[in-house]
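Reading through the structure tokens given below for one structure.
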Amino acid sequence: MARRDRWTADNIPDLTGRVALVTGANSGIGFEAAKELVRKGAETVLACRSPERGQAALDTLKAEIPEARTELMALNLASLASVERFAAASNERYPRLDVLANNAGIMAVPWAQTEDGFELQNGTNHLGHFALTGRLLDLLLSTPGARVVSVSSVGHRQGKIDLDNLLYENGGFGPWKAYFRSKLLNLLFAYELQRRFEAAGAGASSLAAHPGFASTNMGTAAVRPRGLGWAFTLFIGKVEQSAAMGALPTLRAATDPTARGGQYYGPSGFYEARGYPVVVTSNPISYDEEAARRAWEVSEELTGVRFTGLEA
């Protein structure tokens with residue numbers, strides 16, 4: 001782990017002239033990350049599923065930062081058609097994309113499927129962002145120093161990958177199991193994307209981040225041990241941090257000039273629950289290149305999206 005420095009939003013450099021896109025920016029760490037990017041001068045897209053919640057976030061942001069250069073765009077990651085429409089509009093509207101923060105997610109929901117028939121959590125948290133990144137690839141590759149930041153969770157450590165049953169077609173679904181798997185897939189994707197950037201000689205970078213135990217709409221339950229009841233509730237009360245602090249790992253990965261592709265940022269404190277953002281490590285399977293390659297191929301097959309700009 002890197003030294004425990006105290007990197008904050010004040011360390012973000014001037015972003016005037018840059019374009020950033022944050023998925024799930026209507027609340028929680030997504031909103032806090034978007035706000036700081038706007039505050040530092042970036043033209044920032046709030047990519048939100050709900051028009052009403054997105055508009056409320058946009059109004060709040062503009063009230064706090066009157067000079068904000070920001071826009072609300074509709075994006076439903078549980079629909080490949082929506083992802084395609086969103087990417088087409090973004091590619092037409094913006095000449096560059098400096099930061100793509102793949103932040104949106106759902107957690108521990110009952111069995112349901114996306115519009116395309118994917119298990120909902122893995123379809124939204126992983127496949128939706130995989131397709132979005134692929135469809136924005138040309139814009140990223142044409143932007144010097146562009147960064148893709150995939151937001152994972154400490155819950156990824158409990159994730160298991162079964163590429164022959166990735167979306168629980170053959171049973172075995174559990175709300176938490178599916179969430180943990182999706183967060184592990186986020187990391188496999190982030191690291192594999194960086195390897196492919198490097199192999200292609202691209203100037204873009206892929207990084208990852210997690211918010212620790214952030215107090216957000218999704219809460220801190222991604223790492224909730226079972227059976228601890230009130231004891232765990234007391235523990236959470238002592239270690240959870242604000243959404244603004246939870247956004248710092250994403251912001252550091254996205255903007256710190258010293259950050260490098262392939263790095264994973266999280267809080268510096270005990271169990272990476274809270275604290276200032278530093279480079280952390282993920283579980284061993286997340287670094288498995290063969291697993292990442294196979295997960296990438298399955299994701300291409302399922303979404304129909306290929307990263308042709310990175311192919312030889």
Side-chain angles (χ1 to χ4, degrees), residues 21-24 45 47-49 73-94 97 100-106 109 111-143 146 148-152 159 161-170 173 178-179 181-197 199-200 202 204 206 208 288-312:
L21 193 163
V22 183
T23 67
V45 178
C48 304
R49 180 177 60 85
M73 293 180 66
L75 171 64
N76 179 6
L77 290 162
S79 164
L80 291 178
S82 175
V83 170
E84 185 173 8
R85 288 192 299 270
F86 176 91
S90 298
N91 284 319
E92 182 176 345
R93 196 167 307 182
Y94 295 100
L97 181 56
L100 171 58
N102 287 328
N103 162 80
I106 55 175
V109 299
W111 170 262
Q113 291 181 309
T114 70
E115 181 180 290
D116 304 283
F118 307 143
E119 185 278 317
L120 187 59
Q121 292 186 82
N122 285 278
T124 301
N125 299 356
H126 168 61
L127 291 173
H129 281 125
F130 180 93
L132 177 66
T133 306
R135 293 199 178 280
L136 294 173
L137 183 63
D138 289 346
L139 199 55
L140 290 162
L141 294 178
S142 66
T143 305
V148 179
V149 181
S150 298
V151 179
S152 183
I161 296 294
D162 180 356
L163 292 171
D164 296 320
N165 189 31
L166 187 67
L167 302 177
Y168 303 99
E169 306 95 323
N170 302 316
F173 170 82
Y179 176 74
R181 175 174 292 181
S182 74
K183 294 292 100 180
L184 178 54
L185 282 166
N186 289 156
L187 286 169
L188 287 166
F189 168 65
Y191 298 152
E192 179 65 11
L193 180 59
Q194 176 59 26
R195 285 189 286 267
R196 293 183 183 230
F197 278 153
S206 172
D288 186 319
E289 294 187 19
E290 177 60 19
R293 183 189 63 77
R294 291 188 61 210
W296 185 286
E297 292 172 351
V298 171
S299 299
E300 284 188 328
E301 180 180 348
L302 290 169
T303 63
V305 176
R306 295 184 64 88
F307 289 59
T308 54
L310 300 180
E311 295 176 359

Indicate yes or no: at least one non-hydrogen side-chain atom of [X] is less than 4.5 angstrom from one of [Y].
X: L141; Y: F197; answer: yes
X: D116; Y: T303; answer: no
X: S79; Y: T114; answer: no
X: S90; Y: L97; answer: no
X: T133; Y: F189; answer: yes
X: F130; Y: L302; answer: no
X: R181; Y: D162; answer: yes
X: L75; Y: L132; answer: yes

So, for [X] and [Y], which heavy atoms are closest and what is the spacing to 0.1 Å?
X: A47; Y: L21; answer: CB-CD2, 3.9 Å
X: N125; Y: Y179; answer: ND2-CD1, 4.0 Å
X: F173; Y: A178; answer: CE1-CB, 3.5 Å
X: A190; Y: A208; answer: CB-CB, 4.1 Å
X: Q194; Y: A204; answer: OE1-O, 4.4 Å
X: V83; Y: G128; answer: CG2-O, 4.1 Å

| query | Would you find a donor on one side and an acceptor on the other, under 3.5 Å apart, between the side chain of N170 and the backbone of N165? | reply |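 Such a contact is absent between N170 side chain and N165 backbone.
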
| query | Does S142 use its side chain to pair, donor to acceptor, with the backbone of L139 at less than 3.5 Å? | reply |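 Such a contact is found between S142 side chain and L139 backbone.
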
| Should L80 and E115 be marked as a side chain to side chain contact (heavy atoms under 4.5 Å, CB included) after you check the CA-CA gap, both sets of side-chain angles, and the distance that decides it? | CA-CA 8 Å; L80 291 178; E115 181 180 290; over 6 Å; no

Atom [atom1] in [X], atom [atom2] in [Y]: separation rounded to 0.5 Å?
X: L77; Y: I106; atom1: CG; atom2: CD1; result: 9.5 Å
X: Q121; Y: Y168; atom1: CD; atom2: OH; result: 8.5 Å
X: S299; Y: L166; atom1: OG; atom2: CG; result: 6.5 Å
X: L310; Y: L140; atom1: CG; atom2: CG; result: 9.5 Å
X: S150; Y: L185; atom1: OG; atom2: CG; result: 11.0 Å
X: R293; Y: E192; atom1: CZ; atom2: CD; result: 8.5 Å

| query | Is the number of heavy atoms from other residues, nucleotides or ligands within 6.0 Å of CZ (R49) greater than 12? | reply | no

| query | So with a 6.0 Å cut-off around CD of E290, is the heavy-atom count from everything else above 12? | reply |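 Result for CD/E290: enclosed.
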
| said: If we count only N and O atoms by modelled type, under 3.5 Å, do the side chains of N76 and S82 hold a donor and an acceptor together? | reply: no

| task | Answer with yes or no whether the side chains of T23 and H129 bring together a donor and an acceptor at under 3.5 Å. | result | yes

| field | Test: R196 cationic atom under 6.0 Å from W296 six-membered ring centre, within 45° of axis | value |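 Cation-pi check for R196 and W296: passes.
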
| Set of residues satisfying side-chain hydrogen bond (donor to acceptor under 3.5 Å, both in side chains) with respect to E119, sequence neighbours excluded | N122

| field | From CA spacing to verdict: side chain to side chain contact (heavy atoms under 4.5 Å, CB included), T143, Y94 | value | CA-CA 11 Å; T143 305; Y94 295 100; over 6 Å; no

| Contacts of R306 that satisfy salt bridge (Lys or Arg N to Asp or Glu O under 4.0 Å) - sequence neighbours left out | E300, E311

| said: Going by the rule side chain to side chain contact (heavy atoms under 4.5 Å, CB included), which residues pair with N186 if we only count those two or more places apart in sequence or in a different chain? | reply: H126, S152, K183

